[in-house]
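First up is the structure itself, then whatever we jot down about it.
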Amino acid sequence: MDRVRTRFAPSPTGFMHIGNLRTALYAYLFAKSNDGDFILRIEDTDRARYVEGAVEFIKNTLNAAKIFPDEGPDIGGDFAPYVQSQRMDIYKRYAEQLVENGHAYRCFCRQSDEPSTVEPDKKFGGYDRHCRDLDPDVIAKNLADGVPYVIRQKMPLAGETTFFDVLHGNITIANSELEDQVLLKRDGMPTYNFANVIDDHLMKVSHIIRGTEFITSTPKHVLLYQFFGWELPIFIHLAPVMGKADDGSISKLSKRHGATSFDDLIKAGYLPEAITNYVALLGWNPKNSNQEIFSMDELIEAFSLEGLSKSPAVFDYDKLDWMNGEYFKRMSDQSFADSARNFVELDDNLESKWEFLASLLKTRVSKFSEINGSIRFLIEKPAFDAELFINKKNKVTVEKSIEIIEAALEQIDRIDDWTLETISETIGAFAASTQLKLGTVMWPLRVGLSGQKVTPGGVNELLYLLGKKNSLSRLHETLDNLKSV
RNA sequence: GGCGCCUUGGUCAAGCGGUUAAGACUCCAGCCUCUCACGCUGGCUACAUGGGUUCGAAUCCCAUAGGCGUCACCA
């Protein structure tokens, strides 16, 4: 087989949809697992949709996701430039060639949103074929008059076109279904369907990995390859990434499903490696293995086209949360504390104990953005809720809570050396003296201090984090509240 | 609507003619533990429907239904 070369060809719209990221990832993994090349090409042929800074954004995103192009804008390569708007002369040349060979023609019709000066041609059943067999004199005159035109591809009217897709096998579409699509727009820019073919051939792309939305336009591309006498690349059309709405409906992942771009996810406190790892598994699996946590190198090692699935996959935030949590657990306390720091707001007290707090948080949160919520009770006094004190499993009731807190208060009050060690010793001794199950003793204290059932750390940690004064006042207040229930 | 693609639990998925139909997330239960959490163990829930082919079908074929895509001078 010739050298494997894949490409990722986004248009600069200003954000990186998770589906696009996955496409880029698969193209990258496939190239790298075959010692091939991965190319980044910017498809900026739509001037209206161009967003300032978008190219930079794409590069930064790929970089954060650890997807490194071998060729591309700035990086360069044997087939530069890698930005389509800088290749206009190339497309024009090939389009003219097609016109000369009779596979394309100039069309002087107005744009579809303008009032038409010509009637759609009933003979061909459509508007698009109107200028097919224009009189050469008319063409010459229009050209001389400077009438704007587009170049359209002349599709065969009969027969069918078949192409092979790695995932779907042979796909056949009747040529009569293909319209005479525009190749070169009025402004001289090529359309996607044209530039794509030209560039993929010129850049020696061996495998085209892209979304299924292109499956029905692939026959048009195939015809183009045939017109030019070029060898066909191998097609791989990926199933889309879906999202599930609150009402349970499934549709292509979009804004209504929440965070759907790589950047959104980063802002929501997910790790880039976890996002990449999760996304890799959305539509691909390593066969012969149940491994789920993959480093980029392991993905490259394990990747193969056979593992790609052809049915759509629904993006599941629960699983992403789990996976991100797994990545947290594998981080050192120090790097977790550092990475999480930007996402949290602390008061002076907590600031000084941040690293300790972070070590407790590491195994208890699934994304950075959760942290503020889960530690707010350390800064603001929580609301009182008697219900929380009742715990069947630990045999805790309101009465029992009063009893325990009252007794514990005496012991806590005596602690002078407010360190985790001393606190642990004191509380441990106190718990033992009650003759009760540990869980029974700790439950009311936890709830009394925090106002919640699940906390970062146990009672000892809570006392330490809160400080003596704060701990005592919360417990006293809780006692009063409990007694007035 | 025409054309095309897809269809195993709530979700991701293994399975390529013979299996008790893997595994993971979620949820639930139990265990462990200096207490919630973490961890461990176990449990619930699936082959869209109807016809074939075959000794035998989640696996092959055909219909039906549903979902998705496409029909731009967007990609």
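A note on names: the letters A, B, ... follow the listed sequences, proteins ahead of strands, and every chain is numbered from 1.
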*What's the CD-P distance between Gln181(A) and U70(B), to the nearest Å?*
15 Å
*asked:* Surrounding NZ of Lys353(A) (heavy atoms of other residues, nucleotides or ligands, distance under 6.0 Å), is the total greater than 12?
replied: yes
_Inter-nucleotide C1' distance (U33(B), A24(B)), Å rounded_ = 26 Å
*Looking at Glu43(A) and Arg7(A), does any basic side-chain N land under 4.0 Å from a carboxylate oxygen?*
no
*Can you tell me the distance, in whole Å, between the NZ atom of Lys252(A) and the P atom of C6(B)?*
16 Å
*Looking at every strand, decide which applies to Lys244(A) at a 4.0 Å heavy-atom threshold: base, sugar-phosphate, or nothing.*
sugar-phosphate
*Kindly point out which of A75(B), G23(B), C71(B) is positioned nearest to the side chain of Glu179(A)?*
C71(B)
*Does any donor atom in the side chain of Arg210(A) or Asn196(A) lie under 3.5 Å from an acceptor atom in the other side chain?*
yes
*Whole Å only: how far is the CD1 atom of Ile215(A) from the C1' atom of C3(B)?*
12 Å
_Is it true that, when you exclude Lys329(A) itself, more than 12 heavy atoms of the residues, nucleotides or ligands shown sit nearer than 6.0 Å to its NZ?_
yes
*In whole angstrom, what separates Phe194(A)'s CZ from C74(B)'s P?*
15 Å
*Would you say a side-chain N or O of Lys185(A) is under 4.0 Å from OP1 or OP2 of A75(B)?*
yes
*Pick base, sugar-phosphate or nothing for Thr45(A), based on heavy-atom distances below 4.0 Å to the nucleic acid.*
sugar-phosphate
*Leu238(A) CG to C6(B) C1': how many Å, rounded?*
14 Å
*Any cation-pi pair here, Arg152(A) with Tyr105(A), using under 6.0 Å and within 45°?*
no
_Rounding to an integer number of angstrom, what distance separates A46(B) and C38(B) when you compare their C1' atoms?_
31 Å
*Crowded around Asp145(A) CG? As in, over 12 foreign heavy atoms under 6.0 Å?*
yes
*Please state how far atom CG in Leu308(A) lies from atom P in G15(B), giving the value in whole angstrom units.*
13 Å
*Within the pair Arg152(A) and C73(B), is there a side-chain N or O less than 4.0 Å away from OP1 or OP2?*
yes
_Ionic contact status for Glu461(A) with Arg446(A), cut-off 4.0 Å_ = no
*Tell me: CG of Asp165(A) to C1' of G69(B), nearest whole Å?*
14 Å
*Hey, is the side chain of Asn285(A) poking within less than 4.0 Å of OP1 or OP2 on A13(B), counting only N and O atoms?*
no
*ring pair (Phe, Tyr, Trp, His ring centres under 6.0 Å): which pairs involve residues 382-409 of chain A, sequence neighbours left out?*
Phe384(A)-Phe389(A)
_Under-4.0 Å side-chain N/O to phosphate OP1/OP2 contact, Ser309(A) with C12(B)_ = no
*Looking only at atom C1', what distance separates C12(B) and C73(B), rounded to whole Å?*
40 Å
_Under-4.0 Å side-chain N/O to phosphate OP1/OP2 contact, Lys310(A) with C6(B)_ = yes
Atom pairs, N/O to N/O, protein against nucleotides 34-41 of chain B, distance under 3.5 Å?
from	atom 1	to	atom 2	distance (Å)
U35(B)	O2'	Arg446(A)	NH1	3.1
U35(B)	N3	Val459(A)	N	3.0
U35(B)	O4	Asn460(A)	ND2	3.4
C36(B)	O4'	Arg446(A)	NH1	3.3
C36(B)	O2'	Lys453(A)	O	2.8
C36(B)	N1	Arg446(A)	NH2	3.1
C36(B)	O2	Thr455(A)	N	2.8
C36(B)	O2	Thr455(A)	O	2.9
C36(B)	O2	Thr455(A)	OG1	3.4
C36(B)	N3	Arg364(A)	NH1	2.7
C36(B)	N3	Thr455(A)	O	3.4
C36(B)	N3	Gly457(A)	O	3.4
C36(B)	N4	Arg364(A)	NH1	2.9
C36(B)	N4	Arg364(A)	NH2	3.2
A37(B)	N3	Arg364(A)	NH1	3.2
A37(B)	N3	Arg364(A)	NH2	3.4
C38(B)	O3'	Lys329(A)	NZ	3.4
G39(B)	OP1	Lys329(A)	NZ	3.0

_What verdict does the side-chain hydrogen bond (donor to acceptor under 3.5 Å, both in side chains) test give for Ser366(A) and Asn324(A), after you've listed the backbone C-alpha separation in whole Å, the side-chain angles of each residue and the deciding distance to 0.1 Å?_
CA-CA 6 Å; Ser366(A) 56; Asn324(A) 202 55; over 6 Å; no
*Starting at atom CZ of Phe164(A), determine the distance to atom P of C5(B), rounded to an integer number of angstrom.*
14 Å
_Presence of Lys319(A) side-chain N/O under 4.0 Å of U26(B) phosphate oxygens OP1/OP2_ = no
*Do Asp165(A) side-chain atoms and His237(A) backbone N/O form a donor-acceptor pair below 3.5 Å?*
yes
*asked:* Defining pairs by Watson-Crick or G-U wobble geometry with both distances under 3.5 Å, how would you list the stems of RNA chain B with at least three pairs each?
replied: B:1-7 with B:65-71, B:10-12 with B:23-25, B:27-31 with B:39-43, B:48-52 with B:60-64
*Taking the nucleotide of RNA chain B with the closest heavy atom to each, which residue, Glu177(A) or Thr191(A), is nearer the 5' end?*
Glu177(A)
_Looking at Thr212(A), I'd like to know whether one of its side-chain N or O atoms comes within less than 4.0 Å of OP1 or OP2 on G4(B)._
no
*Is the number of heavy atoms from other residues, nucleotides or ligands within 6.0 Å of CD (Glu298(A)) greater than 12?*
yes
*Could you pick out which residue, Asn170(A) or Asp44(A), lies toward the 5' side of RNA chain B when each is mapped onto its nearest nucleotide?*
Asn170(A)
